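A short write-up of the structure that comes next.
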Amino acid sequence: MQKFFLYSIAIVALVSCKQAEENKAEETIANNKEEVNEPFQLYQMSEMASFMEEMYAEHQVLKEQILNGETPDSLSYNLLNLHTATMTDSSDYDERFKNMAKVFVEYEEKIVSDPANVKAHYNQAVQLCISCHQLKCTGPIPRIKKLLIK
């Protein structure tokens with residue numbers, strides 16, 4: 001009879017543990033469902049950030065063209081967006097930025113208008129990007145440096 005009693009207690013204990021584990025698993029699943037149902041916050045780029053991403057992609061193409069000995073005959077992006085696109089922080093659109101943007105536009109136009117010195121003009125434009133970002137938004141500098149032609 002004692003053995004029967006011990007076996008009964010052991011079975012009850014195992015069933016209780018199993019039930020507790022199932023309850024814990026159900027609770028975890030419920031908690032995960034709550035996390036999934038929360039609205040996802042998607043980062044919205046400013047017009048300027050989006051434009052700079054476009055220019056970065058296009059400069060990768062320009063770099064390849066120049067390395068292959070080709071000379072670009074036009075730029076596929078509108079440089080005036082540097083003066084019209086809304087910035088993430090509107091206070092960044094100051095005189096220093098305006099002056100750097102003006103010089104950047106000049107170098108970019110020389111990439112097309114002076115094919116004999118295309119590599120130098122390209123690198124000057126990229127270097128100007130780096131200089132401007134050293135003053136305002138340092139995060140993309142390592143990425144921009146990869147655009148330089150060595």
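Keep in mind the model is a prediction, meaning the values are calculated, not measured.
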- [ ] Compare every heavy atom of Pro142 with every heavy atom of Gly139, then report the nearest pair and how far apart it is.
- [x] O-CD, 3.4 Å
Task: Nearest atoms (heavy-atom pairs only) where Pro115 meets Thr71 - done: CB-CG2, 3.8 Å
Open item on the list: Assess the residue pair Ile144 and Cys129 against the criterion (side-chain contact (heavy atoms from CB on, under 4.5 Å)); give the C-alpha distance rounded to whole Å, side-chain angles, the decisive distance to 0.1 Å, and a yes or no.
Closed with: CA-CA 7 Å; Ile144 297 169; Cys129 291; 4.0 Å; yes
Within one Ile-Leu-Val-Met-Phe-Trp-Tyr cluster: [X] and [Y], side-chain cutoff 4.5 Å:
X      : Y      : result
Leu135 : Ile130 : yes
Phe51  : Ile141 : yes
Ile149 : Tyr56  : yes
Leu67  : Ile111 : yes
Val103 : Met52  : yes

Could you tell me the separation between the [atom1] atom of [X] and the [atom2] atom of [Y], rounded to the nearest 0.5 Å?
X      : Y      : atom1 : atom2 : value
Glu47  : Met87  : CD    : CE    : 11.5 Å
Thr84  : Asn78  : OG1   : CG    : 7.0 Å
Met100 : Asp94  : CE    : CG    : 10.0 Å
Cys137 : Met48  : SG    : CE    : 11.5 Å
Tyr107 : Gln124 : OH    : CD    : 4.5 Å
His59  : Gln65  : NE2   : CD    : 11.0 Å

Exam field: side chain [X] to backbone [Y], donor-acceptor pair closer than 3.5 Å:
X      : Y      : answer
Asn123 : Leu148 : no
Asn99  : Glu95  : yes
Asn117 : Ala120 : no
Thr138 : Gln134 : no
Ser131 : Gln127 : yes

Open item on the list: Applying side-chain contact (heavy atoms from CB on, under 4.5 Å) to Met55 and Phe104, what does each step give before you reach the verdict?
Closed with: CA-CA 12 Å; Met55 282 197 309; Phe104 176 78; 3.8 Å; yes
Task: Distance-only side-chain donor-acceptor flag, Glu108 / Tyr77, under 3.5 Å - done: yes
Task: Of all pairs that satisfy salt bridge (Lys or Arg N to Asp or Glu O under 4.0 Å), the ones with a partner from residues 54-79, not counting sequence neighbours - done: none
TODO: I would like to know whether Leu147 and Tyr122 meet side-chain contact (heavy atoms from CB on, under 4.5 Å); could you show each step before the answer?
DONE: CA-CA 9 Å; Leu147 292 173; Tyr122 171 87; 3.5 Å; yes
- [ ] List the steps, then state whether side-chain contact (heavy atoms from CB on, under 4.5 Å) holds for Tyr93 with His83.
- [x] CA-CA 8 Å; Tyr93 190 69; His83 298 289; 3.5 Å; yes
Open item on the list: Taking the side chain as everything from C-beta on, heavy atoms only, tell me whether Leu75 gets closer than 4.5 Å to Leu62.
Closed with: yes
- [ ] May I ask you to check whether over 12 heavy atoms, not counting those of Lys146, lie within 6.0 Å of atom NZ?
- [x] no
